[in-house]
Novice: 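The structure follows.
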Amino acid sequence: MQGCFRDRVLDFIYPARCPVCDDVLPAGMHGICAGCHTYIQYIREPRCMRCGKPLEEDEEFCGDCRDNSRSFEAGRALFVYDGIMQESMARFKYSSRREYGAVYAEELYRHYGSWVKQTGAGMLVPVPVHPARYRRRGYNQAEILARHFGKLSGLPVGTEMIARIKDTRPQKELSAGERKRNLAGAFSVGRQVRELNQIPECVIIMDDIYTTGSTMEACSAVLKETGIRRIYFLCVCIGQGN
Ligand SMILES: [Zn+2]
Ligand SMILES: [Zn+2]
């Protein structure tokens, strides 16, 4: 009974919200609201065989994956990064709506839990933010996603596998070419790698958004240096392919 009362009080102080539209949900409800469910589009086939971006036509790869070398095997995402998801991701990242992470991790697990199992991954690796940024913001949204996904999947979360050594400008302000230059030297092998008894053969990188893939490529290349053989990724949102 005490637990129920505590839940009701917490519901009152921090009501559950739909992560897509941010509306307060009826008491006891949780997840994406019925209204949003009628129009949000989960990504389906055809998609890029490498990064998983949805494609207009049944082609093998998107333009970005055709033009760039990829250190990761493949990736999956839930939604196209369109207007409403841009707002949702901005609140998740900058407006302290960290509770969205639980819902998005559940959705990721529901859609891609078995895909993750098939990869044989032994660890989840969130894309790190620079320590200065972490202190300012108080959390890393990719880590929150990974922690919730870790609870659901039973996979450990390696938060120190990659170190972010350069406080880069936000990628969204930059063109594709600038994004790559911005990230040059931004990541290095993290201290956790030395402390592991065994390097996992395969890992899943987790992040909120995938656009051109330059962040994912930079992180994958660093992880490859550690001897990890296969790298996959999961994101909440991904750009439309071309
Ligand atoms: Zn909603
Ligand atoms: Zn692609």
Side-chain angles (χ1 to χ4, degrees), residues 11 14-93 95-108 110-112 115 119 127 171 175-177 179-180 183 204-221 224 230-242:
D11 260 3
Y14 304 108
R17 288 170 185 272
C18 166
V20 178
C21 66
D22 203 48
D23 277 358
V24 172
L25 296 169
M29 297 286 279
H30 167 83
I32 296 171
C33 77
C36 287
H37 259 304
T38 60
Y39 66 82
I40 49 166
Q41 303 241 339
Y42 290 91
I43 289 165
R44 299 169 203 276
E45 308 293 334
R47 52 181 143 199
C48 172
M49 285 176 65
R50 187 67 74 173
C51 72
K53 268 185 191 172
L55 299 173
E56 304 266 311
E57 285 164 45
D58 211 351
E59 284 180 286
E60 257 188 309
F61 301 111
C62 73
D64 284 329
C65 289
R66 275 196 303 271
D67 297 345
N68 294 282
S69 66
R70 298 300 199 202
S71 303
F72 53 81
E73 306 291 320
R76 287 288 183 268
L78 285 171
F79 308 110
V80 172
Y81 190 44
D82 58 9
I84 188 139
M85 291 314 297
Q86 284 172 19
E87 288 174 25
S88 169
M89 292 295 105
R91 293 191 305 269
F92 182 33
K93 207 166 177 164
S95 306
S96 296
R97 287 277 191 258
R98 61 186 88 183
E99 71 267 27
Y100 288 3
V103 177
Y104 286 135
E106 281 163 27
E107 291 287 317
L108 281 168
R110 194 157 64 83
H111 283 80
Y112 301 119
W115 179 82
T119 66
V127 170
Q171 291 284 90
S175 71
R179 281 170 193 237
K180 274 197 220 166
L183 285 175
I204 309 271
I205 301 179
M206 295 198 70
D207 207 359
D208 49 349
I209 307 155
Y210 178 108
T211 48
T212 62
S214 41
T215 302
M216 206 51 79
E217 177 52 34
C219 288
S220 302
K224 275 264 160 106
R230 289 177 298 115
I231 295 151
Y232 295 83
F233 72 79
L234 273 182
C235 287
V236 179
C237 293
I238 197 163
Q240 173 78 46
N242 50 43

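Because only heavy atoms are used, hydrogens play no part in the values below, and waters and symmetry mates are left out as well, while side chains stay in. Just so you know, ligand 1 is whichever comes first in the structure, and atom 1 is the first atom listed for that ligand.
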Novice: Do I204 and F72 make a side-chain contact, defined as non-hydrogen atoms from C-beta onward lying under 4.5 Å apart?
Specialist: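 No. Closest side-chain heavy atoms not under 4.5 Å.
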
Novice: Crowded around Q41 CD? As in, over 12 foreign heavy atoms under 6.0 Å?
Specialist: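 Incorrect, the count does not exceed 12.
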
Novice: Around the Zn ion (ligand 2), how many protein N, O or S atoms are found at less than 2.8 Å?
Specialist: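 Under the 2.8 Å cut-off, the count stands at 4.
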
Novice: Apply the side-chain contact (heavy atoms from CB on, under 4.5 Å) test between F233 and each candidate in S220, C51, C219; give the one that qualifies.
Specialist: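 Among S220, C51, C219, the one meeting side-chain contact (heavy atoms from CB on, under 4.5 Å) with F233 is C51.
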
Novice: Do D64 and R70 touch side chain to side chain, with heavy atoms closer than 4.5 Å?
Specialist: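 Contact flag for D64/R70 side chains = yes.
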
Novice: Which angle, to the nearest 10 degrees, do you find at the Zn ion (ligand 1) between SG in C18 and SG in C21?
Specialist: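 For SG of C18 and SG of C21, the angle centred on the Zn ion (ligand 1) reads 110°.
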
Novice: Can you confirm whether E57 is buried at CD, in the sense that more than 12 heavy atoms of other residues, nucleotides or ligands lie under 6.0 Å from that atom?
Specialist: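 Check fails, neighbour count at 12 or below.
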
Novice: Do C33 and D23 have side-chain heavy atoms sitting under 4.5 Å apart?
Specialist: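 The answer is no, as the side chains (C-beta and beyond) never meet within the 4.5 Å cut-off.
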
